[in-house]
Number of protein chains: 2
Amino acid sequence: MATRDSQDDASAGQVSDAGLRAFLGYTIKRTDNVILSNIAAVLKPLDLRVVTFSALVLVGDNPGLRQSQLADALGIERPNLVVIVDELEGRGLIRRDRVPTDRRAYALTVTAVGKSLCEAASAAVRTREDALLDGISAAERKQIEGLMRRIESTGGRR
Amino acid sequence: MATRDSQDDASAGQVSDAGLRAFLGYTIKRTDNVILSNIAAVLKPLDLRVVTFSALVLVGDNPGLRQSQLADALGIERPNLVVIVDELEGRGLIRRDRVPTDRRAYALTVTAVGKSLCEAASAAVRTREDALLDGISAAERKQIEGLMRRIESTGGRR
DNA sequence: TATTGTTATACTCTATAACTATA
DNA sequence: TATAGTTATAGAGTATAACAATA
């Protein structure tokens, strides 16, 4: 006999998520939440959010990128990107330059200030990720990446 | 010499996300998005969202669960859970019963209708996940789960 | 005094239609 | 006619404060 009255309920004690753990998506989502909130916490002191940081990295890696391409890469709608680019430009982190061959479009580039902030942010994120991955070998990490990318490509269009 | 004028930009051609791929969180987030949108698509015909499905599974596994415990398990705030429970109760999928020993609280349970819908939904989600994991062995899947849970527990409180 | 569920509300994110200026 | 960026706006999702009933 248990000490507490053995009702078959969860009114006291731990809540079981065993049923949800049967779905891999649940475990992946929980892990994703943990990683994202950690990254967000690391970026906050630099006045960056996950989106603005991602935008900075993408523009840095793709100089001359247009806003519609950036929106597409970030997986957000064009209208919603405008305020993000406004913010980054207003802080002097990126530049909007008119494209001579197509005066409708803007070519986005990272400024020197933006580049150094991006590098500092990247280092901070890398450090935090390494801490989260403590005890996980480089080989295991490679394996996660490979498996994730296989699932992603199987899932097709989203 | 390339055929197109070789500007060092991305105004034409593919956008590189190599810089973001350096962060494991990016790859995991993309995979998570794919899985979640696939699950959402599978649940839609059953008039379930990911939250309502998760709530159904949790209440089913923890009969007598209270709303505050459910909100906690789902990672949402108590006020936001109210409309979810309203919806599930309104559709006759769960029941709210007063707890005799604490008349402030409700004991949540899944009805017979809710149980059969939950089982159908679970089967559909499982089938879709299996399709996404096509080509990934049971051992690899176990490995993903183990590694994810290690990362999750290292990340601590969120 | 503290807690359960609730209401009201605000803030962020996301999604769509429609405008402008160019092409 | 179509496209790039923009504006306005509406809808989710999420967060906090405060209330009534109960402990």
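No hydrogens, no waters, no symmetry mates; every other heavy atom, side chains included, goes into these values. Convention: sequence-line order gives letters A, B, ...; per-chain numbering from 1.
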Rounding to an integer number of Å, can you tell me how far [X] [atom1] sits from [N] [atom2]?
X	N	atom1	atom2	value
A/Asp102	C/dT20	CG	P	19 Å
B/Arg98	C/dT3	CZ	C1'	13 Å
B/Leu36	C/dC13	CG	P	18 Å
B/Ile84	C/dG5	CD1	C1'	14 Å
A/Asp97	D/dA4	CG	P	18 Å
B/Arg103	C/dG5	CZ	C1'	13 Å

Any residue meeting salt bridge (charged side-chain N to carboxylate O under 4.0 Å, His left out) with B/Arg21, in chain and number order, not counting sequence neighbours
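Once residues adjacent in sequence are excluded, the partners of B/Arg21 under the salt bridge (charged side-chain N to carboxylate O under 4.0 Å, His left out) criterion are A/Glu152, B/Asp17.
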Could you tell me which residues satisfy salt bridge (charged side-chain N to carboxylate O under 4.0 Å, His left out) with A/Asp61, sequence neighbours excluded, listed by chain and number?
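Once residues adjacent in sequence are excluded, A/Asp61 has no partner under the salt bridge (charged side-chain N to carboxylate O under 4.0 Å, His left out) criterion.
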For B/Arg95, which residues count as a side-chain hydrogen bond (donor to acceptor under 3.5 Å, both in side chains) partner, sequence neighbours excluded?
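Expected list: B/Asp97.
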Does any pair with a residue in residues 133-144 of chain B pass salt bridge (Lys or Arg N to Asp or Glu O under 4.0 Å), and if so which ones, sequence neighbours excluded?
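Counting only pairs at least two positions apart or across chains, the salt bridge (Lys or Arg N to Asp or Glu O under 4.0 Å) contacts touching residues 133-144 of chain B are A/Arg150-B/Glu140, B/Glu129-B/Arg141, B/Asp130-B/Arg141, B/Arg141-B/Glu145.
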Check B/Val50, B/Val57, B/Val51 against B/Ser54 for a side-chain contact (heavy atoms from CB on, under 4.5 Å) and give me the one that passes.
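In the set B/Val50, B/Val57, B/Val51, the residue that makes a side-chain contact (heavy atoms from CB on, under 4.5 Å) with B/Ser54 is B/Val50.
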Counting only pairs under 3.5 Å, give me each side-chain donor-acceptor contact of residues 41-49 of chain B, with atom names and distances, residues two or more places apart or in other chains.
from: B/Arg49; atom 1: NH2; to: B/Glu87; atom 2: OE1; distance (Å): 3.1

Identify, with sequence neighbours excluded, every residue that meets side chain to side chain contact (heavy atoms under 4.5 Å, CB included) alongside A/Leu81.
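Listed in chain order: A/Gln67, A/Leu70, A/Ala71, A/Leu74, A/Ile76, A/Ile84, A/Val85.
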What residues, two or more places apart in sequence or in another chain, satisfy side chain to side chain contact (heavy atoms under 4.5 Å, CB included) together with B/Asp86?
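With sequence neighbours excluded, B/Asp86 shows a side chain to side chain contact (heavy atoms under 4.5 Å, CB included) to B/Val82, B/Arg96, given in chain and number order.
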Within the structure, does a side-chain N or O atom of A/Ser68 lie under 4.0 Å from either OP1 or OP2 of D/dG5?
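Checking D/dG5 against A/Ser68, a side-chain N or O does come within under 4.0 Å of OP1 or OP2.
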May I ask you to test the A/Ile136-B/Ile151 pair for a side-chain heavy-atom distance under 4.5 Å?
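A/Ile136 reaches B/Ile151 side chain to side chain.
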So which pairs with a foot in residues 46-87 of chain A pass ring pair (Phe, Tyr, Trp, His ring centres under 6.0 Å), sequence neighbours left out?
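For residues 46-87 of chain A: A/Phe53-B/Phe23.
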Can you give each donor-acceptor pair under 3.5 Å made by side-chain atoms of residues 103-121 of chain A, sequence neighbours left out, with the distance rounded to 0.1 Å?
from: A/Arg104; atom 1: NE; to: A/Asp102; atom 2: OD1; distance (Å): 3.1
from: A/Arg104; atom 1: NH2; to: A/Asp102; atom 2: OD2; distance (Å): 3.1
from: A/Tyr106; atom 1: OH; to: A/Arg98; atom 2: NH2; distance (Å): 3.1
from: A/Thr111; atom 1: OG1; to: A/Gly92; atom 2: O; distance (Å): 2.6
from: A/Thr111; atom 1: OG1; to: A/Leu93; atom 2: O; distance (Å): 3.1
from: A/Thr111; atom 1: OG1; to: A/Val113; atom 2: N; distance (Å): 3.4
from: A/Thr111; atom 1: OG1; to: A/Gly114; atom 2: N; distance (Å): 2.9
from: A/Ser116; atom 1: OG; to: A/Val113; atom 2: O; distance (Å): 3.1

Once each nucleotide of nucleotides 6-14 of chain D is scored for protein heavy atoms under 4.0 Å, what B/S/- sequence comes out, 5' to 3'?
BBB----SB
All N/O contacts under 3.5 Å from nucleotides 1-3 of chain D to the protein, with atom names and distances to one decimal?
from: D/dT3; atom 1: O4'; to: A/Arg104; atom 2: NH1; distance (Å): 3.4
from: D/dT3; atom 1: O2; to: A/Arg104; atom 2: NH1; distance (Å): 2.6

How bent is the helix from C/dT1-D/dA23 to C/dA23-D/dT1, comparing axes over its five end pairs at each side, to the nearest 10°?
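Here the local axes at opposite ends form an angle of 10°.
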